[in-house]
2 protein chains.
Amino acid sequence: MYDVARLAGVSQPTVSRVLSQSEDVSQISKETRRRVLAAVEQLGYRPNAVARSLRTQKTRTIALLLADLSNGFYHPIARAVQKIAREHDYEVLISSSDHLHENEIHFCEIVLSRGIDGVLMAPQRLTMEELSHYVSQTNIPFVALGEHVDHPNIDIVFVDDEKATYETTRWLIEERGHRRIGYFGVPPFLPPGPGRTRGFLRAMEEAGLSVNPNHMQEGDFTLESGKQAARALLATGGNLPTALMVINDLMAIGAILTLQEAGLRVPDDIAVVGFDDIPEATIVRPALTTIAQDAYDIGQKMATALFERIENPDIGERRVYESTYKLIPRQSA
Amino acid sequence: MYDVARLAGVSQPTVSRVLSQSEDVSQISKETRRRVLAAVEQLGYRPNAVARSLRTQKTRTIALLLADLSNGFYHPIARAVQKIAREHDYEVLISSSDHLHENEIHFCEIVLSRGIDGVLMAPQRLTMEELSHYVSQTNIPFVALGEHVDHPNIDIVFVDDEKATYETTRWLIEERGHRRIGYFGVPPFLPPGPGRTRGFLRAMEEAGLSVNPNHMQEGDFTLESGKQAARALLATGGNLPTALMVINDLMAIGAILTLQEAGLRVPDDIAVVGFDDIPEATIVRPALTTIAQDAYDIGQKMATALFERIENPDIGERRVYESTYKLIPRQSA
DNA sequence: TCGAATTATGCATTCGAATGCATTGACGAG
DNA sequence: CTCGTCAATGCATTCGAATGCATAATTCGA
C-alpha cells in the first residue's frame, strides 16, 4: 500500500480510504481517487485480507457445518448459502462433520480461533453444554438447523419432522390401507431421529396399530446402513411389514435395493417412503415416494437470518423459522 | 496474550514461545511452561489466528476448487483432501465453480487476497493465460486435476481419459459386438471432454466403424443434460445406436432414464457405459457399467503433492501424477 | 573466584491496513 | 483583512502475535 501511495503521490492512509470506504462516505477528492486507483491498477496491488481482518476484527467469512457432504440433501443448502454470502461479499468455510462429535468440536474450535464472523450449522452430536460453552465465548451470531437446538442465542430453522412423518404415516394407513408398517430410523442421539420416530409412533398408536419391534431398525443415514437395516429386517424371518417409513432417502434407497435383491417387489410386497427428496429419489426404480424438504429454502433462511444479525448485532432474542415439507407420491408407495 | 503473560508472571513473547514453538526447539524452562499453560487454561485463552497469520505470512489454509459440489465424483476428493489437510493441521476452503468461468476467476482472486498457502483445483474454463497471470503473482504451490493444465509451475494429477474411453470403446466393439455406437459428450472447451471424445473416435476409426453424427450429442455433465441428450437422440428419428458411451455417470444415468421412458430396454436395445463410478451408478437399474476413477486416490495424490511443496518450496520442476481407472462391467452394457 | 558459555527471558519491532485526531488549505462572512 | 468553517489529507497508533537481538541468570571450567 505504501508503494501505491508513493506512486500516486499520497499517503498510505489515503490509499486505504480510497480502497475501503464507499465513495459517498469518504472525503477523497475525485482527482486523488483517480490517481490512487490508477496506481493500484498499474502495480496490480491487492489488499491483504489478513491485515485488514486484524485491524477491523472482521474476516468477512462465515462457516458452514454440514452433517454429510455426500448426502445430496445438503447441497442446495450449501449452494444457497454460498449465493447469499457472495451477495454480501463474504466467503464460506464449508466443513462436513460426517456425524462425528469430534469433527463438530473441531469445527467450533476453528470458528473461535479463526475469527469467523458468523456460523451456520447442522449440529448433531454436540451437547447443549458444549454449544453453550462455545457460543458464550464469542459475540458472533449462530444459526442452526433443527428444532433440537434450543439455546437463547442461536436462531434456528427447522422442519416439523414429527408432523411430517405423522401425516405421512397416516397417509400410508388411510389412503394406502397399510396396517403392518415398519420404520427404519437412527439412534435417538442423532437428530432429527427422535422427532421423526415420534411422528411415526404417534400415528400408529392413534390408528390403534401396533408396531412389531422386528420391523423397527436403525441405521446412520447412509445408503449402506439402509441396506443393512433391510438385511436385518429380512433376517428376523417373521412376517414382513407391508410398508416401511424410512428416516431419509439414502437409507430408503438402500432398503429398496436390498429388498429387491431378496426378490421382493416394491411397492407391491413392501411400500417404501423416504424423507428429503434428494436427486437419487428419481433415479431408483420404483421412483421413491418421499417427504420433500426445500433444502434451498432452508439454506436461504439460515443465511438470511445470519446476515441480518451480522449487519445488526442487537436484534435481540432467538428467532425461529419454519421451512415447509411436502409429500411427493411417486411409485414406491 | 498479555493477560496470560501477566497471570503467569512472564512477558508476552514468552507466552508466544510456549504456545507456538515445539517443546524441543524452544528454550523455555519447564516451570515457566507449566505456569504459562496453566494461565492459558485458566483464562480460556485461544490464539488469534488472524494475527498469527499476519506475522508469519501463513494462513494454514489451502483452497480447493471443485467443478461441481453436487457431482458425487468430487466427494471422495474433498474427503481425502480434508483428511490430509487435517493431518498437517490445515483448514480447507472448499468452493464449487459449477463449471462457470466467473466462479473460477473469483476463486483465484480470493486465493490471492486471502493469503492462502496452497491451491488444489479442477479448473475448466480458465485459460492458460489467466492461470499464468494468477500463478505468477504468488509463490504458493498449485496442484491441478487434469492433463489439460500445462503450466511449468503447476503439478498435475490426471487420469488417462483418452486411453480409458479408447479401451472401453474397443471393449464394446470386440467383446460385446457393437458396431453402431453413439457418444454423449460435452462441448470441447469443457475438460476432460476432448480427451474422452478422442479416445472414442480413435477406437471407432481403428475398427473401421463410422459414427453417425446424429448419435453424437452434447451436455454439461448433469443428469438433466443427459436426459436432454437422449431426447435429442430419439428426436432424430433415424435408427438408433446399439450402444452409447457417455462422458460421465450422471449424464449416462439421465440417458438411461429417458431411454427407458421411451420404451427402450437397456442394455438390450441400447447399452450404456458411463465414466466415474459414482454411488448413483449402483442405484440405477440396470446398474451402470462404467469406467471407475479412484477419486479418493486422486484427492490424496493432489493433497500430498501440495503439502510436499508447502513444506519444501524449492522442489523444482512440474510433477505429473497419474491415477488409475478401471472398467466396471455391471448390467447396463 | 572470575570470566566464558549456556540457558532463559524480555524489549522493541514487525506484519499490512484501518482509523482517531491533527493539520492544512481554500473559501466565505463579517 | 481576519477568522471561522469545512473539505481533504497526513500522522501516529492500533489490531495480536512472532521474532531478531540484547540481556539477565545460571552453570561450569580453570
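Labels below follow one simple rule: chain letters A, B, ... track the order of the sequence lines, proteins then strands, and each chain is numbered from 1.
Ring centroid separation for the pair B:Phe142 and B:Tyr134 does not come in under the 6.0 Å cut-off. For an aromatic pair to be called close, the ring centres must be under 6.0 Å apart, and B:His75 with A:His75 satisfies this.
Under a 4.0 Å N-O distance rule, the pair B:Glu130/B:Arg125 does not qualify as a salt bridge. For A:Asp155 and A:Arg309, the salt-bridge test passes: some basic side-chain N is under 4.0 Å from an acidic carboxylate O. Using a 4.0 Å cut-off between a side-chain N of Lys or Arg and a carboxylate O of Asp or Glu, B:Asp68 and A:Arg79 qualify as a salt bridge.
Atom pair A:Arg114:CZ and D:dA17:C1' shows a separation of 15 Å (rounding to whole Å applied). Here C:dA8 presents its C1' atom at 13 Å from CD of B:Glu31, a figure rounded to the nearest Å. Going from atom CG of A:Leu54 over to atom P of C:dT19 covers 12 Å, rounded to whole Å. Note: CZ (B:Arg34) to P (C:dA8) measures 16 Å, nearest angstrom.
Of all nucleotides listed (C:dG10, C:dA17, D:dA17), D:dA17 comes nearest to the side chain of B:Ala51. For B:Met1, the listed nucleotide lying nearest its side chain is D:dA17; candidates were C:dG10, D:dA17, C:dA17. Checking D:dA17, C:dC21, C:dC15 against the side-chain heavy atoms of A:Arg17 singles out C:dC21 as nearest. You'll find that the side chain of B:Ile28 is closest to C:dT9, out of C:dT9, D:dA18, C:dA17.
Using a 4.0 Å cut-off, no side-chain N or O of A:Tyr2 falls inside it from OP1 or OP2 of C:dC15. Of the side-chain N and O atoms in B:Thr32, one or more sit less than 4.0 angstrom from OP1 or OP2 of C:dT9. Listed pair A:Arg55 / D:dT14 fails the phosphate criterion, with no side-chain N or O lying under 4.0 Å from OP1 or OP2. Close to C:dT9, at under 4.0 Å from its OP1 or OP2, lies a side-chain N or O of B:Ser29. In this model, the phosphate group of C:dC11 is not approached by any side-chain N or O of B:Ser11 to a distance below 4.0 Å at OP1 or OP2. Taking 4.0 angstrom as the limit, B:Arg52 places none of its side-chain polar atoms (N or O) nearer than this to OP1 or OP2 of D:dG16. Taking 4.0 angstrom as the limit, B:Ser20 places a side-chain polar atom (N or O) nearer than this to OP1 or OP2 of D:dA18. Using a 4.0 Å cut-off, some side-chain N or O of B:Thr14 falls inside it from OP1 or OP2 of C:dG10.
In terms of heavy-atom proximity, A:Leu126 sits nearest to A:Cys108 at CD2-SG, 3.9 Å. Pairing each heavy atom of B:Ile28 with each of B:Arg17, the nearest pair is CD1-CB, 4.0 Å. Pairing each heavy atom of A:Tyr74 with each of A:Ala122, the nearest pair is CE2-CB, 4.4 Å. Between A:Arg86 and B:Ser95, the shortest heavy-atom contact is NH2-OG, 4.4 Å.
Overall, the helix from C:dT1-D:dA30 to C:dG30-D:dC1 carries an axis bend of 60° between its ends, with five pairs at each end and the value rounded to 10°.
Using bins of under 30°, 30° to 60° and over 60° for the plane-to-plane angle, the ring pair B:Phe307/B:Tyr90 lands in the perpendicular bin.
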Distances for protein N or O near nucleotides 24-26 of chain D N or O, under 3.5 Å:
none

When you compare the protein's N or O atoms with those of nucleotides 4-7 of chain D, which come within less than 3.5 Å of each other, and at what distance?
none

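Residues B:Leu100 and B:Glu104 have side chains not in contact (no heavy-atom distance under 4.5 Å, counting atoms from C-beta outward). At least one side-chain heavy atom of B:Arg52 sits under 4.5 Å from a side-chain heavy atom of B:Ser20.
For the pair A:His148 (side chain) and A:Pro123 (backbone), a donor-acceptor distance under 3.5 Å is present.
Within 4.0 Å of A:Val50, counting heavy atoms only, lies no atom of the nucleic acid at all. Across all strands, A:Gln12 comes closer than 4.0 Å to base atoms (heavy-atom distances).
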